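Taking it in order: structure first as structure tokens, then the write-up.
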Amino acid sequence: MLLVAEMPSLGGSVLEREGAAKILEEIGIMLELKGENPFKSRAYYSAARTVELIGEEELERLVREDKLKDVKGIGSAINKKLKELILTGRLNYYEELKVSIPKELFEILKVPGLGPRKVSALYEMLEITSLAELEYACRENRLVNLKGFGKKTQDNILEGIEFIRRYQGRYFYSEARRLAIILLHKIKEFPALGEVSLAGSIRRCREIVKDIDLVASTDHPDRLTRYFTELPLVAEVIAHGDTKASVRLDDGINADLRVVTKDQFSYALHHFTGSKEHNTALRHRAKNMGLKINEYGLFRLKDEELVACRDETDLFNALGLTYIPPELRENYGEIEAAEENALPSLIEEDDIRGIFHVHTTYSDGLNTLEEVVRHCSVLGYEYVGISDHSQSAFYAGGLKEEDLAKQHEEIEAMRERYPNVAILCGVESDIRADGSLDYPDAVLERLDFVIASVHSGLRMERVKMNERLIHALSHPAVTMLGHPTNRLLLGRDSSLLDIEKVFQAALDNGVILELNASPARLDLDWRHLKMIREMGLMVSINPDAHRLESFEDTRVGVAIARKGWLEKKDVFNTRSRREVEGHLKSRHARAG
DNA sequence: GCCGTTTTCGGCCCGACTGTTTTCAGTCG
């Protein structure tokens, strides 16, 4: 059970910070979450309203004169608690309740349609304690078969979470990019437009972004900024000048448009793509070369003469560099590499030839095996690796041995009907707390591949987690390590582990590392990919798809792979069907 | 936990609505 840590002291008593009414209200909520007698929590709500009505000053007076107990709605118990609160500034009962309930549950209560009973049920049955965990559970269809829940509730919760996120100010890359592209297309409809491009963190494929940056060129900047601020999807204009406008979109995200002249475009695009660290390093370099760079151009220091650049390639070349793709512009060594013409030749979306890590209705996927296979066939994939959950993932309808056997049979039959797609029979096996896998060896060895993943006991201490993962990686049947750190973006930190040791164990055992492309995971982190590449490890970009639409997430995975300097050769599922089948067979020979 | 007595414990506001369930539970206002 999760316990909330001691609240950090913000100075002053809990009373000064929150007010008596707020505290009573919170007690009411916590009692409901704990499943107490509903009339008891109602008594606290009612007392909270009463206290709100009489006001803090009057409340203090009544307490000092011991007349509070005469107020209707305040009986002996609440009277006693308010006395303690007013006279000492704190309330033991409240502090104790708070410690027994994860504070994130209050966040979940903000989801429209979720009250204390349902939140409590989610906590009891699925151990959900945060919005991010709730969202993930919905995406994996965990709520569909939960008593009192269903598909519709799950969809509504997802909508509700999105609603809350809108106002939190940080967005998943995939969602922000989707909105940015809509905006981009709208701007392209401006009649006197020169050029326009995404810029900023979205262009750099950061996994989390705060806003949308766009750069455009035109001879009529004032008209373009006005056009931009008057677009129908703009909810609010934050700033509006002749060359720059900031707006908030209906979806809550902010968007900045910077407008320059046509001959300034390439410089501005580079400048507003960033990162700040990349730009700083580049300005430094320019200065050493007797040049100056800013959003308006590249100039010779001695006479302020412009160095003409038609595009970003010209700009980099003028600085003695090869073109640096936007994803790499983080001052992570890209400038040094570009100087030596040693930048990687980054993987492209079209390099992906097949997909691993797909769930079906056998466990918690939304689509049947046949729907998945047909979809892959339509997409032109050469192979698809089916991997439903294993038996101890009971929350996800994990497969018992006999279910696995049945699925194997169905796959055999389907292979005849879909000869153009290699249907690989696998499983996503839970890594148990001791590092063992979830089926007997004989069962695992019959499969074409095994993804080993941690799904529970995420907060294990570091040394144990290292041992757990390293032990799992040493199992000869393991083909891939699924979502290696278990982080959820905007919601859950990585498990504690020594990532280099885990990578080394994967290398020693010939295990492929998954780059889980689910937008909330993007696990592995791009910051680790460079190390992985240098170690000579192989990565597989897996959508972890629970529905057909999620196959699209593979693109996000490719974006992150690019950001992590990966080339086609570093990624397992860029290989042909024959190569992949060959690899899996050779693993098999080793296992058997 | 409060109230109001039937002075010691039983009742506590409720209707619309949704979604799940098939007669009801939970949320919202």
Side-chain angles (χ1 to χ4, degrees), chain A residues 14-15 18-54 58-59 62-63 66-87 90-98 100-101 104-129 131 134-135 137-164 166-167 361 364 366 395 397:
Chain A
V14 58
L15 178 63
E18 312 216 9
K22 179 92 187 299
I23 289 167
L24 292 175
E25 167 120 16
E26 269 187 56
I27 291 174
I29 294 171
M30 291 192 281
L31 292 174
E32 275 203 83
L33 285 172
K34 287 180 95 82
E36 281 271 4
N37 176 1
F39 295 106
K40 185 170 170 178
S41 39
R42 194 175 297 172
Y44 277 94
Y45 293 140
S46 137
R49 271 193 303 278
T50 305
V51 165
E52 211 165 14
L53 276 175
I54 51 184
E58 178 70 358
L59 178 67
L62 290 169
V63 165
D66 200 20
K67 286 182 179 160
L68 188 59
K69 61 180 185 302
D70 300 331
V71 177
K72 187 170 157 61
I74 297 187
S76 66
I78 294 186
N79 176 47
K80 198 163 156 243
K81 292 192 174 72
L82 278 173
K83 260 187 174 169
E84 182 189 337
L85 183 59
I86 300 295
L87 297 177
R90 62 191 303 277
L91 178 57
N92 223 9
Y93 179 66
Y94 170 72
E95 308 281 359
E96 278 172 9
L97 261 182
K98 251 193 137 149
S100 71
I101 293 172
E104 293 87 352
L105 289 188
F106 285 90
E107 289 300 310
I108 300 180
L109 273 173
K110 291 180 188 159
V111 177
L114 283 186
R117 309 290 304 209
K118 281 206 154 80
V119 169
S120 180
L122 289 169
Y123 178 51
E124 295 297 330
M125 292 193 273
L126 298 180
E127 292 186 23
I128 285 171
T129 60
L131 271 187
L134 177 59
E135 176 174 36
C138 289
R139 298 227 182 271
E140 304 221 323
N141 301 317
R142 303 249 197 283
L143 272 57
V144 172
N145 294 318
L146 215 57
K147 190 171 155 46
F149 294 78
K151 176 78 168 60
K152 193 88 188 192
T153 308
Q154 179 172 279
D155 290 347
N156 287 344
I157 289 173
L158 274 175
E159 264 189 46
I161 292 173
E162 242 170 73
F163 178 80
I164 291 171
R166 261 172 224 163
Y167 301 100
T361 47
D364 57 352
L366 213 56
Y395 52 85

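Nothing here was measured: the structure is a model prediction, and the numbers come from that model. Numbers restart at 1 for each chain; the letters A, B, ... are given by sequence-line order, proteins then strands.
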Considering only the C1' atoms, how many Å lie between B:dT8 and B:dC2, rounded to the nearest integer? 14 Å

Do A:K80 and A:E84 meet the salt-bridge criterion of a basic N to acidic O distance under 4.0 Å? no

State, without any angle test, whether A:S120 and A:K34 hold a side-chain donor-acceptor pair at a distance under 3.5 Å. no

Under a 3.5 Å cutoff on both atom distances, Watson-Crick or G-U, what's the dot-bracket for DNA chain B ([ ] crossing, | other strand)? ((((....)))).((((((....))))))

Its contact letters, B for base, S for sugar-phosphate only and - for none at protein heavy atoms under 4.0 Å, make nucleotides 1-14 of chain B read BSS--------BS-

Polar side-chain atom of A:Q154 near backbone of A:C138 as donor-acceptor pair, under 3.5 Å: yes

Criterion side-chain contact (heavy atoms from CB on, under 4.5 Å) on A:L366 and A:K151, from CA distance to verdict: CA-CA 10 Å; A:L366 213 56; A:K151 176 78 168 60; 4.3 Å; yes

Within 6.0 Å of CD in A:E58, more than 12 heavy atoms from elsewhere: yes

Where do A:L105 and A:I29 land on the side-chain contact (heavy atoms from CB on, under 4.5 Å) test, with the steps shown first? CA-CA 10 Å; A:L105 289 188; A:I29 294 171; over 6 Å; no

Rounded to whole angstrom, note down the C1' distance from B:dT5 over to B:dC12. 14 Å

Sidechain-backbone polar pair: A:N141 side chain, A:D364 backbone, donor-acceptor under 3.5 Å: yes

Taking the P atom in each of B:dC28 and B:dT23, what is the distance between them to the nearest angstrom? 26 Å

Spacing of A:E107 atom CD and A:I161 atom CD1 [to the nearest 0.5 Å]: 11.0 Å

Test item: A:E32 side-chain N/O and A:S41 main-chain N/O as donor-acceptor pair under 3.5 Å: no

Take nucleotides 16-29 of chain B nucleotide by nucleotide from the 5' end and write B, S or -, depending on whether a protein heavy atom sits under 4.0 Å from the base, only from the sugar-phosphate, or from neither. ---SSS----SSS-

When the P atoms of B:dT21 and B:dG26 are compared, how many Å lie between them, rounded to an integer? 12 Å

Quick one: do A:E25 and A:K22 make a salt bridge, cutoff under 4.0 Å? no

When you measure from the side chain of A:Y94 to the backbone N and O of A:L24, does any donor-acceptor pair fall under 3.5 Å? no

In whole Å, what separates the P atom of B:dG4 from that of B:dC13? 12 Å

B:dT20 versus B:dA25 - spacing of their P atoms, nearest Å: 15 Å

When the C1' atoms of B:dT6 and B:dG11 are considered, how many whole Å apart are they? 13 Å

